[in-house]
Amino acid sequence: MPRAGRTVPPLVWTALALAALLIFNAFAAPGFFDVALRDGRLAGSLIDVLDRAAPVMLLALGMTLVIATGGVDLSVGAIMAISGAVAAVLLTEAQAPAAVAIAGALGAGLAAGAWNGALVTLLGVQPIVATLVLMLAGRGVAQLLTGGQIVTFRSPVFESIGNGTLLTLPVGVWIVAMALAVMSLAARLTCLGLSVEATGDSPGAARRAGVRTGTMRFTAYTLCGLCAGIAGVLAAADIRAAAPSSAGLYLELDAIIAVVLGGTALSGGRFSLAGSVLGVLLLQALHTTLLTLGVDPVRTPLVKGAAVLVVCLFHSAEARRLVLGRGGVR
Amino acid sequence: MKVRLNPRHLPPVATFAVFATLYIFGAVRYPGFFSVRIAWKLLNDNAVLGLAAVGMTFVIISGGIDLSVGALIALTSIVTAALAAEGVHPVPAAAVGVALSTCIGAGSGAVIRTFRLPPFLVTLAAMFLARGLAFTVSVKSMPVAHPLVAGLNDFRLLVPPLGAAFVAAVVAAAVVLRSTPFGRRVYALGGNEESARLMGLPVGRTKVAVYAISGLCAGMAGVAFTIYNSSGNAAECVGLELDAIAAVVIGGTLLCGGHGSVIGTLLGVLTLGLIQTLIMFEGSLSSWWTRIAAGALLLAFLAVQRGVERAGGARR
């Protein structure tokens, strides 16, 4: 069925792969699917996978938009560090209420994203180098804010964000679900999603069709920064501290991989927010699977690399032609 | 006589100006800065990054990118150290490491070429694979205790051996890029792949070769790393590829391909290293200023490049 590959959205393949992994786990580790209600909170391996993946899911959501416009954002890990540092400094040194600290952290993420967007759209720098600036300097800025220290804080609000429960699920999972819902609705109910896809697919044609490609790109980077800011707050709340040198370190790569696993092409164009979230879950489930299999954790990169390569080949027309025979597709 | 400056040459010249200014600033401000010892150290300390950046220059001029070099350095160093621990002489051990790194680079290039995949993703996969392989060899750092390695780290040597290797690689790469058909093909490929193909240039072969060269340079950087630390370590050099990209861009090579020079890369690497040395000499400045300064420098050069491109009317 060569035509199936063209009509089935890539998201379905990601979901199938995830399901296969989970079912495999259910057989390999008895009790994997067990979910118990403990102190008003669901507990179990599945919930753990969701909870641990929350910050990367947020990063991947923002990254999806940026990649859809044909760009990439290497600075999201550093933005996480900045936003965590801003929150911690506001809470401890300024003795500010939690709401102000969160607003400050999200504002920092937004500003960082806008900075990236300005470099890409106004200065016209290639996205990789434009965001590399903040990736190099951002972590330094975060360390500057905290004086190079890990700043611990006590705040009931942050406590509930990091370890709280809402309707039996971790608060972090709800935040991700909300972000996914808001972004999906905004993308599909308005023309925003289509404009972003047009920008990534063919900037010239989109511009002539009246799409403000510059504005679209700028918005994508800004939203990506905001998502990274939220992820930074989540990560800081989780450990009740801002760790500027390690928060979000190299998570940008996980986010990019997850977006690609979710079926959004790195060249831009069509995107799938839900696919990216599934991509993160796939990565996290892969990690859990390796642990249950008793594979040495140091081998994880090997599996990750192989997964990326397989997915790349899956999307490559040349590879499909090689497997399916000439003329099999199109 | 009036010296006319081609605006295309401005970025490397600007890099040199920044380097010279910083160096003179250091020499005036800190006693003991203007010395053979510091120059020796500057070259030697930045040889690992520099060697990797030389390979990265080829890739970026060809219009690609290679994210795997940091992991390839770690892989080469741990393979070399592991073989040396088994009693193999360090020289053949290093040769095996470099060969492995070159093969992985060539493999990335072949996948990029055959399946027309984005270099960013393929080399990202190669990065994870190489890192995983390195950890499979050994999770722990492995010392290399051989008189040869100790000898190469001797401060009393007149010439810094690693720095000399870096400079030699720069010279060799400059000759290859400027004066060989292959070098011109790299520029042609980066300038416009379709035109290069229509001109009858072997685009596919050049592409594979460029990534193989990057793997080779990363392998040599891995050997330099092993000598510098007298040990191999699979967990080191994470993210070094990004510093290498920054150094290449600061050196005036355009990320869109088709334009740049390794001499610029040499200056870019040394400028980044000089900033680190200056911050070390200042003493009171914390280490994170290095990162902020590196980011600021990259930003400044991006602005210069855009200015040049607009002035030259090189925009589409």
Side-chain angles (χ1 to χ4, degrees), chain A residues 72 74-75 78 115 119 122-130 132-148 204 244-245 249-250 253 256-257 260 265-267 296-313 315-322, chain B residues 65 67-68 71 108 111-118 120-122 124-136 138-139 234-235 238-239 242-243 245-246 248-249 254-256 272 286-303 305-307 309-310 315-316:
Chain A
V72 72
L74 295 179
S75 68
W115 161 265
L119 278 186
L122 298 182
L123 207 56
V125 182
Q126 293 96 347
I128 293 181
V129 255
L132 184 58
V133 171
L134 199 56
M135 189 201 185
L136 287 178
R139 212 163 278 284
V141 170
Q143 285 172 316
L144 189 68
L145 283 171
T146 67
S245 55
L249 194 60
Y250 303 119
L253 297 181
I256 294 170
I257 292 176
V260 174
L266 205 59
S267 48
D296 199 338
V298 300
R299 304 269 163 85
T300 318
L302 270 180
V303 181
K304 245 189 210 173
V308 175
L309 206 56
V310 167
V311 172
C312 281
L313 292 178
H315 287 302
S316 153
E318 269 75 14
R320 264 181 296 184
R321 203 176 308 145
L322 218 67
Chain B
I65 198 150
L67 297 181
S68 64
S108 303
V111 171
I112 292 167
R113 175 214 171 160
T114 315
F115 300 112
R116 298 196 191 180
L117 287 171
F120 187 94
L121 274 183
V122 175
L124 189 62
M127 171 189 118
F128 281 117
L129 290 175
R131 188 66 71 180
L133 270 180
F135 277 128
T136 312
S138 168
V139 184
V238 178
L242 298 166
D243 291 330
I245 295 170
V248 171
V249 173
L254 299 181
L255 203 75
C256 48
L272 284 179
S286 314
S287 62
W288 51 82
W289 279 106
T290 319
R291 300 195 68 80
I292 297 177
L297 194 66
L298 181 61
L299 178 67
F301 278 96
L302 288 175
Q305 284 185 2
R306 295 311 297 176
E309 275 176 36
R310 295 223 169 126
R315 288 204 73 196
R316 277 181 295 167

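Lettering of chains follows the sequences in order, A, B, ..., and the numbering in each one begins at 1.
- Each of A/Ile257, A/Leu302, A/Val308 has some count of heavy-atom pairs under 4.5 Å with chain B, and the biggest count is that of A/Leu302.
- Neither the backbone nor the side chain of A/Leu134 comes within less than 4.5 Å of any heavy atom in chain B.
- Using a 4.5 Å cut-off between heavy atoms, A/Leu249 makes no contact with chain B at all.
- If you measure heavy-atom distances from A/Val133 to chain B, the contacts under 4.5 Å come from both the backbone and the side chain.
- Interface remark: of the candidates A/Met135, A/Gln126, A/Arg139, A/Gln126 forms the most heavy-atom pairs closer than 4.5 Å to chain B.
- Contact of A/Leu309 with chain B is made through backbone and side chain together, with heavy-atom distances under 4.5 Å.
- Heavy atoms closer than 4.5 Å to chain A are found in the side chain of B/Ile65, but not in its backbone.
- Residue with the most contacts toward chain A among B/Thr290, B/Val249, B/Asp243, B/Leu242: B/Leu242 (heavy-atom pairs, distance under 4.5 Å).
- Both the backbone and the side chain of A/Gln143 have a heavy atom closer than 4.5 Å to some heavy atom of chain B.
- Within 6.0 Å of the CH2 atom in B/Trp288, the count of heavy atoms belonging to other residues, nucleotides or ligands exceeds 12.
- With hydrogens and angles ignored, the 3.5 Å screen pairs no side-chain donor or acceptor of A/Arg299 with any backbone N or O of B/Phe135.
- When every heavy atom of B/Gly295 is checked against every heavy atom of A/Ala137, the shortest pair comes out as CA-CB, 4.0 Å.
- Your options are A/Ser245, A/Gly147, A/Ala142, and the one with the most heavy-atom pairs under 4.5 Å with chain B is A/Gly147.
- Interface residue B/Thr114: only backbone heavy atoms are found under 4.5 Å from chain A.
- In terms of heavy-atom pairs under 4.5 angstrom with chain B, the leader among A/Val125, A/Leu132, A/Val303 is A/Leu132.
- To the nearest 0.5 angstrom, A/Lys304 atom NZ is 12.0 Å from B/Arg131 atom CZ.
- The parts of B/Leu299 that come within reach of chain A are both its backbone and its side chain, each placing non-hydrogen atoms under 4.5 angstrom from that chain.
- Across all their heavy atoms, B/Ala130 and B/Ala71 have their closest contact at CB-CB, 3.8 Å.
- The OG atom of B/Ser108 lies 8.5 Å from the CG atom of B/Leu129; values are rounded to the nearest 0.5 Å.
- When all heavy atoms of A/Leu123 and B/Ala303 are compared, the pair lying nearest together is CD2-CA, 4.3 Å.
- Proximity to chain A (any heavy atom under 4.5 Å) is restricted, for B/Leu117, to the side chain, taken from C-beta onward.
- Among residues two or more places apart in sequence or in another chain, the salt bridge (Lys or Arg N to Asp or Glu O under 4.0 Å) test is passed with B/Arg116 by A/Glu318.
- In terms of non-hydrogen atom pairs under 4.5 Å with chain B, the most contact-rich of A/Leu313, A/Leu136, A/Leu74, A/Val129 is A/Leu136.
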Audit row: B/Thr136, A/Val298, side chain to side chain contact (heavy atoms under 4.5 Å, CB included) steps and yes/no: CA-CA 7 Å; B/Thr136 312; A/Val298 300; 5.8 Å; no
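- Only the side chain of A/Val72 has a heavy atom closer than 4.5 Å to any heavy atom of chain B.
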Residue pair B/Leu67, B/Ile245: steps toward the side chain to side chain contact (heavy atoms under 4.5 Å, CB included) verdict: CA-CA 9 Å; B/Leu67 297 181; B/Ile245 295 170; 4.2 Å; yes
